[in-house]
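So the structure is just underneath, and the comments pick up after that.
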Amino acid sequence: MRINYCMQCGKSLVNKLVGDEGEQRYCPECNKFYFDNPACCVLAAIINERNEVLLLKQNYISEKYVLCSGYMKKGDTPETAVSREVFEETGQRVLSCNYIGGYYFEPKNLIMLGFAAYVKAAPFGSSNEVDSLVWADLESAPEMVERSDNLSGIHLDNCIAYLNNKNNNGG
């Protein structure tokens with residue numbers, strides 16, 4: 001989101017060079033810089049004890065399945081955001097999680113922190129954000145997830161590679 005007005009005085013911002021950051025939005029009245037920083041989100045491949053991944057159908061996002069994701073809130077750590085989002089969207093309780101990698105999603109200016117979140121499968125909860133949920137085996141899941149304008153496919157691939165490497169190394 002591009003900031004055009006000062007949040008203190010309401011005047012229009014101008015572009016001004018600042019150190020090695022280049023041109024940034026600036027309020028000459030308040031002598032304050034504003035940076036168009038990306039929002040931070042978490043993205044989780046939810047893995048159960050049968051080594052299945054939980055896929056979400058969210059019609060407002062895609063016709064295909066996606067992984068669980070959501071914005072971090074004030075006071076969240078990435079791990080608490082994963083636990084909160086997984087529970088809110090699926091009813092599953094995260095037992096542990098591993099950081100897999102970070103992604104930049106340019107269309108929405110998001111930094112997405114990707115995790116594998118481990119759960120003991122429980123009955124699904126209900127969420128007004130989720131149209132349906134399905135457990136899928138790791139072999140068929142990659143074909144089921146959205147790969148266009150969405151990071152679910154890339155993150156699922158990375159989680160599967162992580163799990164295969166972990167299993168092959170006795171972890």
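The structure presented is a predicted model; accordingly, all values stated were derived computationally and were not measured. Along the sequence shown, residues are numbered consecutively beginning with 1.
Cluster annotation: Ile154 is not connected to Val42 through the hydrophobic network of ILVMFWY side chains, with a link wherever side-chain heavy atoms come within less than 4.5 Å. Cluster annotation: Ile47 is connected to Ile160 through the hydrophobic network of ILVMFWY side chains, with a link wherever side-chain heavy atoms come within less than 4.5 Å. Linking Ile, Leu, Val, Met, Phe, Trp and Tyr residues whenever their side-chain heavy atoms come within less than 4.5 Å leaves Val82 and Leu110 in two separate clusters. Ile46 and Leu43 fall into different hydrophobic clusters, defined by Ile, Leu, Val, Met, Phe, Trp and Tyr side-chain heavy atoms under 4.5 Å apart, directly or through other members. Leu151 and Val86 fall into different hydrophobic clusters, where Ile, Leu, Val, Met, Phe, Trp and Tyr side chains are chained together by heavy-atom contacts under 4.5 Å.
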For this session: In sequence, state the C-alpha distance, the side-chain angles, and the governing distance for Asn15 and Arg25, and then conclude on side-chain contact (heavy atoms from CB on, under 4.5 Å).
Result: CA-CA 5 Å; Asn15 290 333; Arg25 305 297 285 158; 2.9 Å; yes
For this session: Apply side-chain contact (heavy atoms from CB on, under 4.5 Å) to Val18 and Tyr26, showing your working.
Result: CA-CA 9 Å; Val18 57; Tyr26 174 75; over 6 Å; no
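Counting only distance, with no hydrogens or angles, the side chain of Ser152 and the backbone of Leu67 share a donor-acceptor pair below 3.5 Å. Although no hydrogens or angles enter the test, the distance criterion places a donor-acceptor pair under 3.5 Å between the side chain of His155 and the main chain of Phe115. In this structure, Thr80 contributes its side chain and Asp76 its backbone to no donor-acceptor pair below 3.5 Å. Although no hydrogens or angles enter the test, the distance criterion places no donor-acceptor pair under 3.5 Å between the side chain of Asn165 and the main chain of Ala161.
Counting heavy atoms from C-beta outward, Leu13 and Cys6 have side chains that approach closer than 4.5 Å. Side-chain contact between Cys27 and Met7: absent, with no pair of heavy atoms (C-beta onward) separated by less than 4.5 Å. Contact check for Ser132 versus Tyr65: side-chain heavy atoms found under the 4.5 Å cut-off. Residues Met112 and Ser69 form a side-chain contact, since some pair of their non-hydrogen atoms from C-beta on lies under 4.5 Å apart.
Atom CG of Asn4 and atom CG of Asp36 lie 8.5 Å apart (nearest 0.5 Å). The CD atom of Glu29 sits 12.0 Å away from the OG atom of Ser12 when rounded to the nearest 0.5 Å. We find the CZ-CE distance between Arg84 and Met72 to be 8.5 Å, quoted to the nearest 0.5 Å. Distance CD1/Ile100 to CG/Asp157: 12.5 Å, rounded to 0.5 Å. Residue Cys68 holds its SG atom at 4.0 Å from CD of Glu89, rounded to the nearest 0.5 Å. Atom-to-atom distance recorded for Ile111:CD1 and Tyr104:OH is 7.0 Å, nearest 0.5 angstrom.
By the side-chain hydrogen bond (donor to acceptor under 3.5 Å, both in side chains) test, Tyr34 is found to be paired with no residue, residues two or more places apart in sequence or in another chain being considered. The ring-ring contact (aromatic ring centres under 6.0 Å, His included) check on Phe105 picks up nothing, with sequence neighbours excluded.
Nearest heavy-atom pair, Leu138 versus Pro142, reported as atom, atom and distance to 0.1 Å: O-CD, 3.2 Å. Heavy atoms only, all atoms of each residue included: Ala136 and Met144 are closest at CB-SD, 3.9 Å. Across every non-hydrogen atom of Glu49 and Ala121, the tightest pair is OE1-N, 2.9 Å. A pairwise comparison of heavy atoms in Val119 and Val94 identifies CG1-CA, 3.9 Å as the closest pair. Of all the heavy atoms in Ala39 and Tyr71, the pair that sits closest is CB-CE2, 3.9 Å. Across all non-hydrogen atoms, the minimal contact from Ile3 to Phe35 is CD1-O, 4.1 Å.
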For residues 50-62, tabulate all N or O donor-acceptor pairs below 3.5 Å that involve a side-chain atom, not counting sequence neighbours.
from	atom 1	to	atom 2	distance (Å)
Arg50	NE	Glu52	OE1	2.9
Arg50	NH2	Glu52	OE1	2.8
Glu52	OE1	Asn48	ND2	2.8
Lys57	NZ	Asn59	OD1	2.9
Lys57	NZ	Ser62	O	3.3
Lys57	NZ	Glu63	O	2.8
Gln58	NE2	Glu129	O	3.1
Asn59	ND2	Asp131	OD2	3.2
Ser62	OG	Lys64	N	2.9
Ser62	OG	Lys64	O	3.3
Ser62	OG	Glu146	OE1	2.5

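Within a 6.0 Å radius of OH in Tyr99, other residues, nucleotides and ligands contribute more than 12 heavy atoms. Heavy-atom contacts from other residues, nucleotides or ligands closer than 6.0 Å to CD of Glu143 number 12 or fewer. More than 12 heavy atoms of other residues, nucleotides or ligands shown are found within 6.0 angstrom of CG on Asn164. Around atom CD of Glu23, more than 12 heavy atoms belonging to other residues, nucleotides or ligands sit under 6.0 Å away.
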